[in-house]
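The structure presented is a predicted model; accordingly, all values stated were derived computationally and were not measured. Naming convention: chains lettered A, B, ... in sequence-line order (proteins, then strands); numbering from 1 in each chain.
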Amino acid sequence: MRLVIVDDDPSVLIVLQAYLESLGYEVAAATDGAEAFELVKHGDYRVVISDWEMPNMNGIELCRKIRERSGEYVYFMLLTSREGKDALIDGLDSGADDFLTKPFEPEELRVRLRTAERIVSLESRELVIFSLARLAESRDCETGEHLERIREYSKALAQRLAQHGAYSDLIDADFVRSIYSTSPLHDIGKVGIPDSVLLKPGKLTPAEFEIMKEHAEIGRQTLEDALKAHPNAHYLREARDIAWCHHERFDGTGYPRQLSGDEIPLSARIVTVCDVYDALTSKRHYKPAFTHEKSRQIILDGKGTHFDPEIVDAFLAIEEQFKAIRKKFSPGAMPSITWSLNANLENQVTVGN
Amino acid sequence: MPEAFLIDELHHRCMGNPQLVQRVLASFRLSFMNDLAQMEIHFLSGQLEKVAKTAHKIKGSAANAAAPAISELAQEVESLARQGNNDLDQQICNLQSEFTRFASAAFREDFRQSDDDSSTGKPTCA
């Protein structure tokens with residue numbers, strides 16, 4: 001597990017880092033809260049051990065800033081010279097999970113870190129999200145591991161966009177973590193589509209297709225309700241945007257709202273490319289699984305009409321990663337189940353038009 | 001009066017590693033000198049809040065370096081400064097003296113060799 005330790009006193013950092021490394025932790029040290037926040041923001045750290053009083057940004061401010069983020073939960077421990085009940089209450093009230101006084105006692109710190117690890121590993125949000133998505137997906141017998149591929153494709157594209165191109169300032173590590181967690185919920189609205197439409201083996205009639213299109217709005221409503229109950233859960237906002245907007249098209253001819261360009265949330269524009277690529281490279285009852293090359297060409301043909309050109313460029317830059325993900329999460333020897341899959345693709349989202 | 005230096009405690013925290021003990025002590029010596037100088041500047045310019053913050057920092061780093069007497073004195077300075085008590089000359093001077101006592105125990109040979117060096121924290125006040 002990776003930890004951040006932060007203290008403006010180098011002698012504390014020396015002994016703390018040495019001890020934690022002896023326990024097998026990977027440790028990054030910072031000398032003030034601002035530096036520590038940058039580490040947390042851009043790296044995969046799940047535990048922070050922080051002094052309270054520090055220049056630039058103190059431990060309490062650091063804790064609050066970390067709590068404002070979306071992304072995975074970070075266990076926050078205050079290690080301070082402050083003592084007494086008031087300090088303890090103030091510290092925990094600010095969002096810290098644990099409170100230790102200096103000097104740390106090695107065995108006590110080891111045991112408390114074990115608790116931190118347990119809590120972090122028990123964090124179930126991601127599991128719950130994925131289970132919900134799996135439940136929604138299970139009804140239309142989507143090809144195996146579609147959700148795994150979607151989140152891996154989305155993460156890979158977001159990582160590429162964070163480093164190159166016009167969206168590099170908009171995408172940070174939190175965005176990447178968030179799209180990885182929430183992209184599997186893109187079709188959660190399908191839970192509200194009747195079996196007669198969702199499971200229909202043949203081509204949908206125009207009226208049936210109109211019903212199928214409602215899954216975007218149903219997804220929005222479902223996640224919007226959850227968001228109202230938990231307004232600080234930023235990941236729900238992103239999940240809502242993806243579910244609502246992943247069938248919009250860059251040129252404004254998609255559904256449900258005919259949004260265009262950057263009216264469509266960036267996360268949804270990314271998932272759109274991933275979802276279509278996955279549908280193209282998967283076997284359906286109405287088509288075989290297309291090769292990567294053919295799918296690539298269809299995505300390229302949709303650049304600027306169906307898809308955001310920046311995201312298509314990112315896709316082309318990392319197409320080998322897409323192939324690798326496809327291979328890693330392919331059903332393998334298991335035959336694809338070919339019920340009426342992605343009727344939207346069959347009926348309307350004929351990519352490349 | 002608390003002990004100047006609890007060598008066993010520091011060794012324990014440093015997992016019995018003498019090199020690590022030396023690194024911690026060297027780092028503490030440097031930070032203490034710097035913090036004490038800062039504290040004096042803040043005190044002379046009447047910035048008691050900054051005096052308190054610096055004393056708080058010394059309290060923590062001294063505790064980490066197993067120097068309970070310095071830590072306790074620093075806490076006293078912090079407390080007085082937070083109360084707005086401007087009569088801190090003696091306490092700050094005591095911090096210097098206490099560091100000398102700590103250094104003579106912690107640095108031993110090292111300390112004796114550099115006894116003439118003002119960086120060892122030799123007291124300069126009455």
To the nearest 0.5 Å, tell me how far B:I58 CD1 sits from A:S81 OG.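 Those atoms lie 11.0 Å apart.
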Once you round to the nearest 0.5 Å, how far does NZ of A:K102 lie from OG of B:S61?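 Interatomic distance, A:K102 NZ to B:S61 OG, rounded to 0.5 Å: 7.5 Å.
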At a 4.5 Å cut-off on heavy atoms, which part of B:S31 comes close to chain A: side chain, backbone, both, or neither?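 B:S31 touches chain A through side-chain heavy atoms alone.
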If we define contacts as heavy-atom pairs under 4.5 Å, which of B:M15, B:E9, B:H56 has the most with chain A?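 Ranked by heavy-atom pairs under 4.5 Å with chain A, first place is B:H56.
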Mind ranking B:S27, B:C14, B:A26 by heavy-atom pairs under 4.5 Å with chain A and telling me who comes out on top?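 The residue among B:S27, B:C14, B:A26 with the greatest pair count is B:S27.
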Using heavy-atom distances under 4.5 Å, tell me whether [X] contacts chain B through its side chain, its backbone, both, or neither.
{"X": "A:D8", "result": "both"}
{"X": "A:E107", "result": "neither"}
{"X": "A:T80", "result": "side chain"}

More than 12 heavy atoms of other residues, nucleotides or ligands under 6.0 Å from [atom1] of [X]: is that the case?
{"X": "A:E105", "atom1": "CD", "value": "yes"}
{"X": "B:R23", "atom1": "CZ", "value": "no"}
{"X": "A:Q163", "atom1": "CD", "value": "yes"}

Beyond-backbone contact of B:K53 with A:E53, side-chain heavy atoms, under 4.5 angstrom: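 A side-chain contact under 4.5 Å exists here.
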Heavy-atom side-chain contact between B:R13 and A:P103 under 4.5 Å: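 Heavy-atom side-chain distance check passes, below 4.5 Å.
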Return the set of residues passing side chain to side chain donor-acceptor pair (under 3.5 Å) with B:Q19 (not counting sequence neighbours), or none when no residue passes.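 Side chain to side chain donor-acceptor pair (under 3.5 Å) check on B:Q19 returns nothing, list empty.
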Proximity of residues 9-23 of chain A to chain B, residues having a non-hydrogen atom under 4.5 angstrom: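 Heavy-atom contacts from residues 9-23 of chain A to chain B are A:D9, A:P10, A:S11, A:V12, A:I14, A:V15, A:A18, A:Y19, A:S22.
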Please test B:K59 against A:E83 for side-chain contact (heavy atoms from CB on, under 4.5 Å), starting from the C-alpha separation and ending with a verdict. CA-CA 12 Å; B:K59 177 187 164 191; A:E83 295 170 64; 3.4 Å; yes
